[in-house]
Enquirer: 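One structure is given below, represented as structure tokens, and several questions about it will come after.
Each chain gets a letter, A, B and so on, in the order its sequence line appears, and its residues count up from 1.
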Protein chains: 2
Amino acid sequence: MTGLREKILTTASNLFQTQGINSTGVDTIVAVAGTTKMTLYKYFGSKEVLILEVLKQGHQDFQNWLNDKLSTNTKQPTEKLQKLFDYIEEWVTSPDFHGVGFIKASAEFPKEDNPVHQLSSQQSQQFKQYIHHLATEANIKDAEGLALQLSLLFEGAVQAEQMKRGSGAIKYAKTAAKFLIDGALKH
Amino acid sequence: MTGLREKILTTASNLFQTQGINSTGVDTIVAVAGTTKMTLYKYFGSKEVLILEVLKQGHQDFQNWLNDKLSTNTKQPTEKLQKLFDYIEEWVTSPDFHGVGFIKASAEFPKEDNPVHQLSSQQSQQFKQYIHHLATEANIKDAEGLALQLSLLFEGAVQAEQMKRGSGAIKYAKTAAKFLIDGALKH
DNA sequence: ATCATCCTATACAGATTAGTATAATCGTAG
DNA sequence: CTACGATTATACTAATCTGTATAGGATGAT
């Protein structure tokens, strides 16, 4: 028993990433996961609930992984900030990287009153605040500005990497990030 | 007579931007445009053709507008590069800004063999090469690297601006871009 | 063995979608 | 006036999708 609920979650996550969310039917998910619709709707009351759960899981996985890396491998606040994009690169280029959910989700659900859009927007802001937190601890003057700039680079790079895998976008985003961070540290 | 074909094109462009491409039915488009499906299918053989045509139109409009601004208001190559994001900000914050098509399209059509994905990927690369061209004329050493970084900032900022209108993402992308450009000019 | 629980298998309802067929209507040129 | 091209109006097909209903297995505990 590997847990049917989790199996459905990871299968849906992979399919959403590779085929798109709206283009992935429930029938396809259960077929690939090796189960039936009845069990899917038992664990997740609707497709929308499943989408939200996939987003939550993916975001939590990333946040946990990143936070773990930063808290165990670095000590000083400025070092955390400087190594942030090293770990992001490690995450994005890892073979089991399955994309950043909230970027794709916000594009597929653009209406602001949509729950999926709201969650992805919230997750995007949460990640930005995480960088903001790192920047303030590193005594950056305009911490909010730097956080926004770095999150722009992050989202742009992930977008580019999704559009063409192995494009090396992350590498250049990393050098740009270091440059921006070093510049902000001097003030 | 305002031209039915154009009316359908702009209507579809707006709806795709605000509601998403896959979530916008052909019936909705013709209802808003004030025509019928028969005329739509007369001008555009299929919904996919319409999507492609909307993408082409939007990309061409942007490229023409930007190129015009740069060629009339600036003369020196380095000045063009430095004012690039000023004009991008002007474009993005203009009231009739209807998004950057290829960013949303590539998210909604992730399969690489899909014609819509291929066109949007091609347009993204075309924009990057345009910046590359500006950078080489300004005698930037690593012109390709800078072009990639600036396009990352551009796509990230547009993405953020789409996610939350008036977020000011463009403003911070602009300062980051100027910083990166100035840094690259010193070598 | 029996019973309950979890899962499967399959069929179906109801809604939505892209695309087509057909007939009616309008404006305009000759 | 007539004839023609363009557009409308409407109904339809065929496919697809979410969600449900119903019946049948499998397994494990008591």
Side-chain angles (χ1 to χ4, degrees), chain A residues 1-55 101 104-105 107-111 113-117 119, chain B residues 1-56 101 104-105 107-111 113-119:
Chain A
M1 180 91 76
T2 26
L4 265 179
R5 200 192 115 101
E6 233 175 296
K7 177 78 177 173
I8 294 174
L9 260 184
T10 61
T11 303
S13 178
N14 287 331
L15 287 174
F16 287 164
Q17 183 57 36
T18 54
Q19 320 274 338
I21 300 175
N22 280 318
S23 306
T24 302
V26 177
D27 298 88
T28 308
I29 297 172
V30 297
V32 175
T35 178
T36 63
K37 269 198 287 192
M38 291 313 295
T39 36
L40 186 147
Y41 279 101
K42 185 194 161 193
Y43 288 117
F44 312 94
S46 67
K47 188 188 176 182
E48 187 173 273
V49 169
L50 173 62
I51 298 171
L52 293 171
E53 226 60 38
V54 166
L55 283 180
K104 192 182 285 280
E108 286 207 56
F109 300 87
K111 298 188 209 168
D113 58 348
N114 185 295
V116 177
H117 180 92
L119 177 60
Chain B
M1 180 90 77
T2 27
L4 266 178
R5 200 191 115 101
E6 232 176 297
K7 177 79 177 172
I8 294 174
L9 261 184
T10 62
T11 303
S13 178
N14 287 330
L15 287 174
F16 288 165
Q17 182 58 35
T18 55
Q19 321 274 338
I21 301 175
N22 280 318
S23 306
T24 302
V26 177
D27 297 270
T28 307
I29 297 172
V30 297
V32 175
T35 179
T36 62
K37 270 198 287 191
M38 291 312 296
T39 38
L40 185 148
Y41 279 101
K42 184 194 162 192
Y43 288 118
F44 311 95
S46 68
K47 189 187 177 182
E48 188 173 272
V49 169
L50 173 62
I51 299 170
L52 293 171
E53 225 61 37
V54 167
L55 283 180
K56 284 180 197 168
K104 192 182 284 281
E108 287 206 55
F109 299 87
K111 297 188 210 168
D113 58 347
N114 185 297
V116 178
H117 180 93
Q118 288 177 350
L119 177 61

Enquirer: At less than 3.5 Å, do the side-chain atoms of A:K37 and the base atoms of D:dG19 form a donor-acceptor pair?
Expert: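 Yes, a donor-acceptor pair under 3.5 Å.
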
Enquirer: Using atom CZ of A:R5 as one end and atom P of C:dC6 as the other, report the distance to the nearest whole Å.
Expert: 15 Å

Enquirer: When the distance from CE of B:M38 to C1' of D:dC12 is rounded to whole Å, what number comes out?
Expert: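 Rounded to whole Å, this separation is 12 Å.
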
Enquirer: A:K42 NZ to D:dA21 C1': how many Å, rounded?
Expert: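 Those two atoms, NZ and C1', are 17 Å apart.
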
Enquirer: Please state how far atom OH in A:Y41 lies from atom P in D:dA21, giving the value in whole angstrom units.
Expert: 13 Å

Enquirer: Please check: side-chain N/O of B:T18 versus main-chain N/O of B:N14, any donor-acceptor pairing under 3.5 Å?
Expert: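 Checked: pair present.
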
Enquirer: Would you mind telling me which of A:I29, A:I8, A:L40, A:T11 makes a side chain to side chain contact (heavy atoms under 4.5 Å, CB included) with A:T35?
Expert: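 Testing A:T35 for a side chain to side chain contact (heavy atoms under 4.5 Å, CB included) against A:I29, A:I8, A:L40, A:T11 leaves exactly one candidate, A:I8.
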
Enquirer: Could you give the CD1-to-P distance, from B:I21 to C:dA18, as a whole number of Å?
Expert: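 Interatomic distance, CD1 of B:I21 to P of C:dA18: 13 Å.
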
Enquirer: Remember a base hit wins even if backbone is also touched, and classify A:G45 as base, sugar-phosphate or nothing at under 4.0 Å, heavy atoms.
Expert: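 Since no nucleic acid heavy atom lies under 4.0 Å of A:G45, the category is nothing.
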
Enquirer: Let's see if you can work this out: which of D:dT18, C:dG19, D:dT7 has an atom nearest to the side-chain heavy atoms of A:K47?
Expert: D:dT18

Enquirer: Donor-acceptor check, side chain of B:E108 to backbone of B:N22, threshold 3.5 angstrom: yes or no?
Expert: yes

Enquirer: In whole angstroms, how far is the P atom of C:dC7 from the CD1 atom of A:I8?
Expert: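 In whole Å, C:dC7 P and A:I8 CD1 are 9 Å from each other.
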
Enquirer: Between A:T35 and C:dC7, is there a side-chain N or O to OP1/OP2 distance below 4.0 Å?
Expert: no

Enquirer: Between B:I51 (CD1) and C:dT17 (C1'), how many Å, whole number?
Expert: 13 Å

Enquirer: NA contact type, A:Y43, heavy-atom cut-off 4.0 Å: base, sugar-phosphate, or nothing?
Expert: sugar-phosphate

Enquirer: Measure the CZ-CG distance between B:F44 and B:L9 for me, rounded to the nearest 0.5 Å.
Expert: 4.0 Å

Enquirer: Where the side chain of A:S46 is defined as all heavy atoms beyond and including C-beta, which of D:dA6, D:dG19, C:dA9 is the nearest nucleotide?
Expert: D:dG19

Enquirer: Answer yes or no: is there a donor N or O on one side and an acceptor on the other, between the side chain of A:T24 and the main chain of A:G20, under 3.5 Å?
Expert: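 It does hold such a pair.
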
Enquirer: Identify whether any heavy atom of B:S23 sits under 4.0 Å from a base atom; if not, whether one sits that close to sugar-phosphate; answer base, sugar-phosphate or nothing.
Expert: nothing

Enquirer: Could you tell me how far apart B:D27 (CG) and D:dC12 (P) are, to the nearest whole angstrom?
Expert: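 Rounded to whole Å, this separation is 16 Å.
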
